[in-house]
There are 2 protein chains.
Amino acid sequence: MLNQPGSLDRVFQALADTTRRDIVERLIRGPASVSELARPLAMSLPAVMQHLQVLEACGLVRSEKTGRVRTCHIEPGVLRTAEDWITAQRTAWEHRLDRLGEYLTEHRDSPDQRSTP
Amino acid sequence: MLNQPGSLDRVFQALADTTRRDIVERLIRGPASVSELARPLAMSLPAVMQHLQVLEACGLVRSEKTGRVRTCHIEPGVLRTAEDWITAQRTAWEHRLDRLGEYLTEHRDSPDQRSTP
DNA sequence: AGGTTGGTTAAGCATGTACTTAAGTATTCA
DNA sequence: TGAATACTTAAGTACATGCTTAACCAACCT
């Protein structure tokens, strides 16, 4: 749908870090403030903020500040774009296997060897 | 199943690059040699080799050399591990929405405001 | 044998990533 | 008002990434 060219790059990049995936898993269970997110993580607050910026930059997380506390929550739609790409590949793979199977049963008795039909 | 701790890190990292996703999309349609993979890509052969090393390091791609040509093919199981993580998050999110919906209909007439039930 | 094809290794370079510490700025509470 | 809380900004560092070019090796072909 509304996918800029480098959009998948950023989403997969964001997910390629345990800390960031932990943050996503936490936010899936409900919104949280920055320091709530930081509490279980073994790193400084600024480091957590930088992870949050990565997650916001790719649209996985939104946040708004009220008073002095910033509350973060997920935007689950972006997870879909990543999931969709992977699913598309896997289903393409399975279709290929199906076609390969058809080919093999059709040519069951002719022993000609080609690399890939 | 057999997931080392940093395994998802490597898979998502591998997918976080357009060139590498292009290689995966190509290999989904069937095995290919290194130079077949390199042909449509606007970069040197060594650069392609390095991308292939990343894809092999995370188990997304296997390759074997016969004669002087190395043939690459996908290992679709690893795509599953990435897909599974994302799917798990999305379903957790949907369950949360369901629980939230139940809560709201049950307390439809009591206007007490809590942040997250 | 000698050249071409297909891949590999090594080294170097510019940028990006994942932190750190130190020093801010607003809010809220006592 | 003045201290504690909740972030924010800036700057610096160490290491990883994504390329490049140059040189090299091992089939194959003629």
Side-chain angles (χ1 to χ4, degrees), chain A residues 4-27 30-73 115-116, chain B residues 4-27 30-73 115-116:
Chain A
Q4 277 115 344
S7 170
L8 275 179
D9 285 43
R10 278 198 299 274
V11 178
F12 281 128
Q13 180 69 35
L15 296 177
D17 181 287
T18 313
T19 302
R20 257 152 7 217
R21 286 197 308 278
D22 287 349
I23 291 177
V24 168
E25 290 181 359
R26 170 58 249 274
L27 289 179
S33 73
V34 173
S35 37
E36 277 170 343
L37 292 173
R39 195 135 43 226
L41 302 174
M43 67 186 64
S44 67
L45 236 212
V48 175
M49 295 269 306
Q50 286 167 40
H51 284 301
L52 282 172
Q53 277 165 26
V54 172
L55 290 167
E56 291 210 49
C58 72
L60 270 170
V61 164
R62 289 290 166 83
S63 74
E64 51 276 336
K65 196 168 180 176
T66 53
R68 62 183 167 177
V69 38
R70 175 173 297 278
T71 305
C72 310
H73 57 91
S115 64
T116 318
Chain B
Q4 276 115 345
S7 170
L8 274 180
D9 285 43
R10 277 199 298 274
V11 179
F12 281 126
Q13 180 68 37
L15 297 178
D17 182 287
T18 313
T19 303
R20 260 157 0 223
R21 285 197 309 279
D22 286 350
I23 291 177
V24 168
E25 290 181 358
R26 168 61 248 272
L27 289 178
S33 73
V34 174
S35 36
E36 276 171 346
L37 291 173
R39 194 134 41 225
L41 302 174
M43 66 186 65
S44 67
L45 237 211
V48 175
M49 296 269 305
Q50 286 166 39
H51 284 301
L52 282 172
Q53 278 165 25
V54 173
L55 290 167
E56 290 210 49
C58 74
L60 270 170
V61 165
R62 288 293 165 79
S63 73
E64 52 275 335
K65 197 170 180 176
T66 52
R68 61 182 168 175
V69 38
R70 174 172 298 279
T71 305
C72 309
H73 56 93
S115 63
T116 319

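A note on names: the letters A, B, ... follow the listed sequences, proteins ahead of strands, and every chain is numbered from 1.
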Going by atom type alone, with no hydrogens or angles, which donor-acceptor pairs under 3.5 Å involve a side-chain atom of residues 52-68 of chain A and a protein atom two or more places apart or on another chain?
residue: A:E56; atom: OE2; partner: A:S63; partner atom: OG; Å: 2.8
residue: A:S63; atom: OG; partner: A:R70; partner atom: NH1; Å: 2.9

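- Nearest heavy-atom pair, A:H73 versus A:P31, reported as atom, atom and distance to 0.1 Å: CB-CB, 4.2 Å.
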Would you list the atom pairs, donor with acceptor, under 3.5 Å between side chains in residues 37-50 of chain A and any protein atom, with sequence neighbours excluded?
residue: A:S44; atom: OG; partner: A:A47; partner atom: N; Å: 3.4

Polar atom pairs between nucleotides 26-30 of chain C and protein, under 3.5 Å, N or O only, would you list them?
residue: C:dT27; atom: O2; partner: A:R68; partner atom: NH1; Å: 2.8

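- The phosphate of C:dT17 (OP1 or OP2) has no side-chain N or O of A:H51 nearer than 4.0 angstrom.
- Considering CD1 of A:I23 and NE2 of A:H51, their distance stands at 6.5 Å, rounded to 0.5 Å.
- For DNA chain C, the residues of residues 33-48 of chain B within the heavy-atom distance limit of 4.0 Å (strictly under) are B:S33, B:V34, B:S35, B:L45, B:P46, sorted by number.
- Chain A approaches DNA chain D within less than 4.0 angstrom (heavy atoms of the protein), and the contacting nucleotides run 5' to 3' from D:dA4 to D:dT9.
- Of the residues in residues 53-61 of chain A, not one places a heavy atom less than 4.0 Å from an atom of DNA chain C.
- Each of B:K65 and A:D17 was matched to the nucleotide of DNA chain C holding its nearest heavy atom; the match closer to the 5' end belongs to B:K65.
- Looking at every heavy atom in both residues, B:Q13 comes nearest to B:R20 through O-NH2, 3.1 Å.
- With rounding to whole Å, B:M49 atom CE is found 5 Å from C:dT8 atom C1'.
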